[in-house]
Amino acid sequence: MTAATLQTFEPDGRAISYIDEGTGPALVLIPETGQEIGSLGTLASILVEEDFRVVRLGTLDADADVHALARTVVDVMDAVGLDHAWIGGHGFGGTVARTVPADHHDRVNGVLLLAPEPADIPLAADIPVLVVHGTADDVTPLAESERLVASAPALASLKTVEGAGHLFPATHPGETSWFIEDYLDWD
């Protein structure tokens with residue numbers, strides 16, 4: 001495990017907390033509404049050990065404009081020197097992750113959605129998407145991910161974590177990380 005240091009970036013007076021750890025291909029992770037930055041910590045640590053660079057953002061305001069939040073993601077990427085990355089999010093964090101390529105297409109290598117909530121944001125036409133969902137999710141039904149993947153079958157893939165609920169990135173981080181590593185094939 002690596003030592004994670006919480007940092008704060010303050011563009012335009014906004015305080016954005018984040019943790020940047022590891023080296024290698026980059027993945028930005030955005031937590032679910034109400035979850036702290038540590039909620040994706042074990043998953044991030046496993047990915048870092050597998051030679052990923054993971055930048056985790058702190059909790060974003062779910063009442064803020066999603067386009068402003070996408071700009072926040074890019075601001076943090078600029079602050080840590082990332083020209084491009086995979087953008088991932090859990091629940092509402094996935095809504096933000098889906099917005100980043102819509103607003104900043106050239107900064108996104110792909111999108112990782114962990115139990116994505118329903119959102120009226122289409123998937124980018126030429127950006128790969130990995131969707132991971134727990135089969136026992138009682139917050140966001142698996143059918144939402146199935147519908148999303150069916151909307152872009154040439155770009156989107158769905159992996160399921162058997163028996164896992166909505167918080168599977170924290171409760172099943174090993175299986176979740178394996179799907180990410182296998183899909184991105186960065187070994």
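Residue indices begin at 1 and follow the sequence shown. Predicted model only: the values in this text are computed from it and were never measured.
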**OP:** Mind listing the closest non-hydrogen atom pair of Val111 and Ala97 along with its distance?
**Re:** CG2-O, 4.0 Å
Original post:
Of the non-hydrogen atoms in Leu130 and Trp86, which two are nearest, and what is the gap between them?
Top reply: N-CZ3, 4.3 Å
Original post:
Does the side chain of Ile127 come within less than 4.5 Å of His105's, by heavy atoms?
Top reply: yes
Original post:
Does Gly34 offer a backbone N or O that forms a donor-acceptor pair with the side chain of Thr59 under 3.5 Å?
Top reply: no
Original post:
Less than 4.5 Å apart, any side-chain heavy atom of Leu57 and any of Val28?
Top reply: yes
Original post:
If you group Ile, Leu, Val, Met, Phe, Trp and Tyr by side-chain heavy-atom gaps below 4.5 Å, do Val96 and Val80 land in one group?
Top reply: yes
Original post:
Any donor-acceptor pair under 3.5 Å linking the side chain of Arg107 with the backbone of Leu82?
Top reply: yes
**OP:** State, with a plain yes or no, whether a side-chain heavy atom of Pro116 is found less than 4.5 Å away from one of His133.
**Re:** yes
Original post:
Where the side chain of Ser177 meets the backbone of Pro173, is there a donor-acceptor pair that is under 3.5 Å apart?
Top reply: yes
Original post:
With His90, which of Leu167, Leu113, Ile30 fulfils side-chain contact (heavy atoms from CB on, under 4.5 Å)?
Top reply: Leu167
**OP:** Mind listing the closest non-hydrogen atom pair of Ala85 and Met77 along with its distance?
**Re:** N-CE, 3.9 Å
**OP:** Find out whether His104 and Val73 are in side-chain contact, i.e. whether some heavy atom of one side chain is under 4.5 Å from a heavy atom of the other.
**Re:** no
Original post:
Roughly how far, to the nearest 0.5 Å, is CD of Glu175 from CD1 of Ile46?
Top reply: 11.0 Å
Subject >> Pair His84-Val108, side-chain contact (heavy atoms from CB on, under 4.5 Å): steps then yes or no >> reply: CA-CA 5 Å; His84 52 84; Val108 180; over 6 Å; no
Original post:
So, do Val161 and His172 sit near enough that their side-chain heavy atoms are less than 4.5 Å apart?
Top reply: yes
**OP:** Identify whether Leu155 and Leu114 are in the same connected component of the hydrophobic contact network (ILVMFWY, side-chain heavy atoms under 4.5 Å).
**Re:** no
**OP:** Could you tell me which non-hydrogen atom of Leu123 sits nearest to which non-hydrogen atom of Ala156, and how far apart they are?
**Re:** CD1-CB, 4.2 Å
**OP:** Can you measure from OH (Tyr18) to CG (Leu6) and round to the nearest 0.5 angstrom?
**Re:** 9.5 Å
Original post:
Which distance, rounded to the nearest 0.5 Å, do you find between the CZ of Phe168 and the CD of Glu162?
Top reply: 12.0 Å
Original post:
Quick one: OG on Ser145 to NZ on Lys159, what's the gap to the nearest 0.5 Å?
Top reply: 13.5 Å
Subject >> Side chain proximity check, Trp178 to Tyr183, heavy atoms < 4.5 angstrom >> reply: no
Subject >> Carboxylate-amine/guanidinium proximity below 4.0 Å for Asp78 and Arg71 >> reply: yes
Subject >> Leu60 side, atom CG; Leu69 side, atom CG - distance, nearest 0.5 Å >> reply: 5.0 Å
Subject >> Side-chain heavy atoms of Val76 within contact of Val74, under 4.5 Å >> reply: no
Original post:
Can you list the steps and then say if Val48 with Glu50 is a side-chain contact (heavy atoms from CB on, under 4.5 Å)?
Top reply: CA-CA 5 Å; Val48 166; Glu50 294 299 324; over 6 Å; no
**OP:** Locate the shortest heavy-atom distance separating Ala70 from Thr99; write the atom from each residue and the value.
**Re:** CB-CG2, 3.8 Å
Subject >> His166 side-chain N/O to Pro141 backbone N/O, donor-acceptor pair under 3.5 Å >> reply: no
Original post:
Taking atom types as modelled and ignoring hydrogens, do the side chains of Thr140 and Glu117 form a donor-acceptor contact shorter than 3.5 angstrom?
Top reply: no
Original post:
Among Leu112, Ile87, Ile37, Ile19, which residue meets the side-chain contact (heavy atoms from CB on, under 4.5 Å) test with Leu29?
Top reply: Leu112
Subject >> Considering all heavy atoms, the nearest Ala115-Asp137 contact >> reply: CB-OD2, 3.5 Å
Original post:
Below 4.5 Å, heavy atoms only, C-beta onward: do Thr42 and Ser45 meet side chain to side chain?
Top reply: no
**OP:** To the nearest 0.5 Å, tell me how far Phe52 CZ sits from Leu184 CG.
**Re:** 5.5 Å
